[in-house]
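As structure tokens, the structure follows; a few thoughts come after it.
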Amino acid sequence: MNNLVKRAQRRDADAFTELMQSQMQNMYKTAWAMLRNDEDAADAISDTILVCWEKLGQLKQAEFFKTWMTRILINQCNDILRQRKKVYPVEEVRETARPSDEYENIEWMEMLNGLDEKYRMVMILYYVNGLKTTEISDILHMPVSTVRTRLSRGRNQMTSLYHERR
């Protein structure tokens with residue numbers, strides 16, 4: 001991936017396209033988990049791709065591309081969430097369900113939705129995106145120990161939610 005990043009930094013459009021396609025599934029999972037809406041997730045992803053293309057030259061170390069891109073995606077999602085609050089009264093916002101063929105994915109998303117927000121984001125980045133605690137620490141601008149604590153508490157909260165539903 002580092003080779004693709006370096007080629008993309010030299011404005012190789014094919015390398016950038018391949019790089020973004022390799023990250024598309026993780027970006028979608030993260031955006032959908034935050035926004036719970038396909039259209040908003042698509043908007044966040046397209047905005048992220050545009051920002052990455054425009055600012056790729058500012059990335060100093062190619063090995064941190066995934067962390068850098070994920071931080072941009074989270075910021076884009078947060079912007080969309082802020083816009084939602086401005087546009088829609090709270091009583092009109094309806095949570096949409098994501099269609100899925102696999103029951104486990106539905107159950108996993110329901111469990112994630114039941115978590116406190118501060119635990120949800122860490123759990124998504126760790127389990128869905130497969131990031132290390134140090135990478136999550138960089139993305140969320142918090143100490144590694146806080147990330148580990150939130151992972152532990154998120155797991156405990158998820159376990160409690162699971163047993164409540166059984």
Side-chain angles (χ1 to χ4, degrees), residues 1-2 4-5 8 16 18-56 58-85 95-100 102-162:
M1 183 162 75
N2 289 348
L4 277 177
V5 174
F16 181 77
E18 187 177 338
L19 185 62
M20 288 291 103
Q21 287 176 342
S22 73
Q23 299 300 312
M24 195 60 68
Q25 186 174 11
N26 284 337
M27 285 194 299
Y28 177 77
K29 288 177 182 178
T30 302
W32 198 90
M34 287 185 72
L35 302 170
R36 296 181 197 95
N37 178 296
D38 284 331
E39 293 81 15
D40 287 343
D43 287 345
I45 291 168
S46 63
D47 290 346
T48 299
I49 291 170
L50 180 62
V51 171
C52 285
W53 177 251
E54 290 173 347
K55 306 212 180 221
L56 193 57
Q58 296 176 7
L59 180 63
K60 291 177 177 47
Q61 295 176 309
E63 61 268 15
F64 295 122
F65 173 79
K66 187 175 179 180
T67 304
W68 176 77
M69 180 211 58
T70 303
R71 180 74 245 168
I72 292 170
L73 178 62
I74 290 170
N75 288 338
Q76 295 299 326
C77 290
N78 285 333
D79 288 347
I80 290 171
L81 289 171
R82 277 191 292 277
Q83 289 172 355
R84 273 190 200 167
K85 287 179 183 179
E95 189 172 316
T96 59
R98 165 100 171 96
S100 175
E102 300 177 31
Y103 178 74
E104 293 84 23
N105 287 340
I106 294 171
E107 189 173 32
W108 170 251
M109 291 309 295
E110 287 176 358
M111 297 298 284
L112 277 176
N113 290 339
L115 293 177
D116 292 342
E117 179 62 34
K118 64 183 177 181
Y119 305 136
R120 184 183 314 130
M121 181 51 56
V122 172
M123 298 285 279
I124 289 167
L125 294 174
Y126 187 79
Y127 288 108
V128 176
N129 286 355
L131 297 177
K132 298 175 184 169
T133 54
T134 53
E135 294 171 319
I136 297 169
S137 169
D138 291 340
I139 290 170
L140 299 178
H141 305 295
M142 64 176 62
V144 175
S145 60
T146 303
V147 171
R148 290 185 182 132
T149 299
R150 288 186 181 183
L151 274 171
S152 176
R153 290 180 181 168
R155 288 181 197 117
N156 290 339
Q157 196 175 55
M158 195 172 265
T159 300
S160 296
L161 289 169
Y162 180 77

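As the structure is a computational prediction, the values presented were derived from the model and not from experiment. Side chains are part of it too, since the values below use all heavy atoms of this structure and drop only hydrogens, waters and symmetry mates.
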### Query
If you look at every heavy atom in L115 and G154, which pair is closest and at what distance?
CD2-O, 3.5 Å
### Query
Do the non-hydrogen side-chain atoms of R153 and K118 ever get within less than 4.5 Å of each other?
no
### Task
Check whether any side-chain N or O of S46 sits under 3.5 Å from a backbone N or O of A42 as a donor-acceptor pair, and report yes or no.
yes
### Query
Looking at side-chain heavy atoms only, is the closest gap between Y127 and R155 below 4.5 Å?
yes
### Query
For I45 and A31, which heavy atoms make the closest approach, and how far apart are they?
CG1-CB, 4.3 Å
### Task
Decide whether N78 and R82 meet the rule of one side-chain donor and one side-chain acceptor closer than 3.5 Å.
no
### Message
Taking the side chain as everything from C-beta on, heavy atoms only, tell me whether N156 gets closer than 4.5 Å to S160.
### Response
no
#### Entry: From Q76 atom CD to M27 atom CE, the distance as rounded to the nearest 0.5 Å
11.0 Å
### Task
Carefully, step by step, assess I74 and L125 under the rule side chain to side chain contact (heavy atoms under 4.5 Å, CB included).
CA-CA 10 Å; I74 290 170; L125 294 174; 4.1 Å; yes
### Summary
When rounded to the nearest 0.5 Å, the distance separating OG1 of T133 from CG of L140 is 11.5 Å
### Task
Kindly say whether N26 contributes a backbone atom to a donor-acceptor pair with the side chain of T30 at under 3.5 angstrom?
yes
### Summary
Note: A44 and L35 closest approach over all heavy atoms is CB-CD1, 4.0 Å
### Task
Search all heavy atoms of R120 against all heavy atoms of A33 and return the closest pair with its distance.
CD-O, 4.2 Å
### Query
Any side-chain heavy atom of E135 sitting closer than 4.5 Å to one from K66?
no
### Message
Under a 3.5 Å threshold, yes or no: a donor from one side chain and an acceptor from the other, between Y126 and R150?
### Response
no
### Message
Can you tell me how far apart CE (M34) and CD1 (I80) are? Round to the nearest 0.5 Å.
### Response
9.5 Å
### Query
Is there a donor-acceptor pair under 3.5 Å between the side chain of Q157 and the backbone N or O of Y119?
no
### Message
If you define the side chain from C-beta out and look only at heavy atoms, does anything of T48 sit under 4.5 Å from M69?
### Response
yes
### Query
Is the closest side-chain heavy-atom distance between T146 and V122 below 4.5 Å?
no
### Task
Would you check if F65 and L56 make a side-chain contact, meaning some heavy-atom pair closer than 4.5 Å?
yes
### Query
Can you tell me how far OG1 of T70 sits from CG of D138, rounded to the nearest 0.5 angstrom?
11.0 Å
### Message
Do K55 and W68 have side chains that approach each other closer than 4.5 Å (heavy atoms only, starting at C-beta)?
### Response
yes
## Note on the structure
Distance col, row C77:SG vs D43:CG, nearest 0.5 angstrom, shows 10.0 Å
### Summary
CZ of R71 to CZ of F64, rounded to nearest 0.5 Å, is 16.0 Å
